[in-house]
Structures are given as C-alpha cells and as structure tokens.
Amino acid sequence: MTTHAIRLSTADRWLQGLLTWTPGQTDIIKTVALVLMVIDHTGLLLADNNELMRLLGRGCFPLFGLAWGMNLARHADIRQSQLNSLWGWALVAQVPFMLIGYPWYAGNILFAFAVTGQALRWFSLPFWRYTFAAMAIVAAWIPFSCGSYGMAGVAMLTVSWLLCRAQTSRERLGCGVLWAVMVLLMNPNDAGESLAGLAIALLVLMVCSSAGESVKRFWPRQFFVLFYAVHLAVLGIVVSM
C-alpha cells in the first residue's frame, strides 16, 4: 500500500469514527447543539449580539445538520410522514420567530430542514415532474431564507445527508471535505465565524463520538423541534417586556 493510500485510509477511519454514534451519543450531540443555539440567540437578543456568544452559536447548525442527515440516512427512502411533521413544527415555530423580531418573510431554520428534506425526497422519485418540483421548492425558498443561511444552508444539509449515507471511503472523504466547505460558506462575510462554526462542530464530534457509548437515548421524540419553538417564544416574551 502506498503512502497516499495509507493516508486516505487513516483519514477515512477517523471520519467514520466521527460519524459513528449510539442513540445516546446522538442525543448528547444534539444537546450540545441545543445549548449552543440558546447561547447564540440569547447573545443576539439579550446581550447586544455578544461576539463570543455568536461565535459559539456558529457550531449549532452544522451539528444539527449532521444529526438530521444521520436520521434520514437510517432509512432507504426519505419518508413523507417524517417531513410532514417537520413542516408542521416549522409553521408552529414561525410565530415565535417573528415575535423575536424577524420579519414574516424570513423563514425559521426548521423550514430549511423541511425544504431540503422535501427536495431530496422528490429528487429520489423517478418521474421528471418530481425533479422539477424539487428544484422549484428550493428556488421558492431562496427569498425567504435570509435568516436561515440561504442556499449554503440547504447545501450543507444536503451534503450532511450524502455524507451519512456514503458507502465507500472515496465517497465519504469527498462528502466530508464538501461538508466542511459548506459549513465555511454559511458565514461568507466573516472568516472568524466561518472558522468557529467548523472548529466547534468538529471539536464536539471528536469529544462526543469517543465518549458516552453506554449512555442510552434520554430525550423523547420531537423534543428538539418543540424546544426550538418554545425557547423562541420565551425569548420573545422576555424581549418584549
């Protein structure tokens, strides 16, 4: 085996290690992402957009993106019932999202997950009309995605799904590099935020994927989308007081 092949094999094993989670580790990763999200939103609304809190918050979406991609990749096909639930929660969360100050036309982050998942499902169906519908829903989302990372967010979520379902080392490494690039592109106007998002996400994955193997799943289903909507409502009420 050549030196180049050895390096690729080593990198692939490292990447597989980062992406191999027990149900308990998945909940740990989601919990860390949730804490980073709360820090980010609290800093934005109650601490005059504190720079440190904002930098910490950049790691939230990449982590949730990977957890979402992992969840979808567990099944051969993306289930419409799963997407319907996500669409419903996105609509519920839009009310408190506007309450914290976003305009009605700025969709909350749950819409980014719903739009991307719906597009991926339609792309997987055999008829051309579904492919057209997938492209149309992404195009329709663009004007409403200003508060949810725009097309870079859709691309990161798409690559997260591809990475989690990759079968070969070449495919996995290629998707891993592309995922890192997409994370960096989500904050194109601030290099510090881009690097912080990638570094924090990788650090959390390295720690959480190597610890807590014996921890069992501890959050109920739908907890995170419910928490997202509730925490926005609480912050909105506090801001308006």
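All values below come from the heavy atoms of this structure, side chains included, with hydrogens, waters and symmetry mates left out. We're numbering straight along the sequence, starting at 1.
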Test log, rule side chain to side chain contact (heavy atoms under 4.5 Å, CB included), inputs His41 and Tyr228: CA-CA 11 Å; His41 291 167; Tyr228 177 76; 4.3 Å; yes

Side chains of Leu66 and Leu205: closer than 4.5 Å at any heavy-atom pair? yes

N/O donor-acceptor pairs under 3.5 Å from side chains in residues 133-141, not counting sequence neighbours:
none

Taking the side chain as C-beta and beyond, is there a heavy-atom pair between Asn50 and Ile39 under 4.5 Å? no

Begin with the C-alpha distance, continue with both residues' side-chain angles, and end with the deciding distance and a verdict on salt bridge (Lys or Arg N to Asp or Glu O under 4.0 Å) for Asp40 and Arg58. CA-CA 8 Å; Asp40 183 30; Arg58 296 311 90 194; 2.5 Å; yes

Aromatic rings Tyr130 and Phe127: how do their planes relate, parallel, tilted or perpendicular, breaks at 30° and 60°? tilted

Does the side chain of Cys175 reach to within under 4.5 Å of the side chain of Arg165, using non-hydrogen atoms? no

Looking at Phe132, does the NZ or CZ of Arg129 lie under 6.0 angstrom from its six-membered ring centre and within 45 degrees of the ring axis? no

Side chain to side chain donor-acceptor pair (under 3.5 Å) against Ser145, all qualifying residues, sequence neighbours excluded: none

How far apart are the closest heavy atoms of Glu171 and Gln167, and which atoms are they? OE1-N, 3.2 Å

Is it the case that over 12 heavy atoms from other parts of the model lie below 6.0 angstrom from the CZ atom of Arg221? no

Are Ser148 and Phe61 side-chain neighbours, meaning at least one heavy-atom pair lies under 4.5 Å? no

Between the main-chain N or O of Asp190 and the side-chain N or O of Asn187, is there a donor-acceptor pair closer than 3.5 Å? no

Please state whether the rings of Phe224 and Phe64 are parallel, tilted or perpendicular, taking 30° and 60° as the class boundaries. perpendicular

Side-chain contact test, heavy atoms from C-beta onward, threshold under 4.5 Å: evaluate it for Ile78 versus Trp161 and give yes or no. yes

Check whether the side chains of Arg172 and Thr168 place a donor and an acceptor atom closer than 3.5 Å, and report yes or no. no

Does any N or O in the side chain of Gln25 come within less than 3.5 Å of the main-chain N or O of Gly212, such that one atom is a donor and the other an acceptor? no

Looking at Ser160 and Gly69, would you say the former's side chain and the latter's main chain have a donor-acceptor pair under 3.5 Å? no

Side chains of Trp219 and Thr31, donor plus acceptor under 3.5 Å: yes

Do Leu19 and Leu163 have side-chain heavy atoms sitting under 4.5 Å apart? yes

Under a 3.5 Å distance rule, please check whether Glu51 uses its side chain to pair with a backbone N or O of Asn49 as donor and acceptor. no

What class does the angle between the rings of Phe227 and Phe223 fall in, given that below 30° is parallel, 30 to 60° is tilted and above 60° is perpendicular? tilted

Ser169 versus Asp12, closest heavy-atom pair with distance: CB-OD2, 3.2 Å

Show me the pairs that pass side-chain hydrogen bond (donor to acceptor under 3.5 Å, both in side chains) and involve residues 79-102, at least two apart or across chains. His75-Arg79, Gln80-Asn84, Gln80-Gln118, Gln80-Arg121, Ser85-Gln222, Trp87-Gln118, Trp89-Gln222, Gln94-Asn108

Can you confirm whether more than 12 heavy atoms, excluding those of Phe218, are under 6.0 Å from its CZ atom? yes

Apply side chain to side chain contact (heavy atoms under 4.5 Å, CB included) to residues Lys30 and Leu63 and explain how you reach the verdict. CA-CA 7 Å; Lys30 288 181 179 180; Leu63 290 171; over 6 Å; no

Does either side chain, that of Thr131 or that of Trp122, offer a donor lying less than 3.5 Å from an acceptor on the other one? no

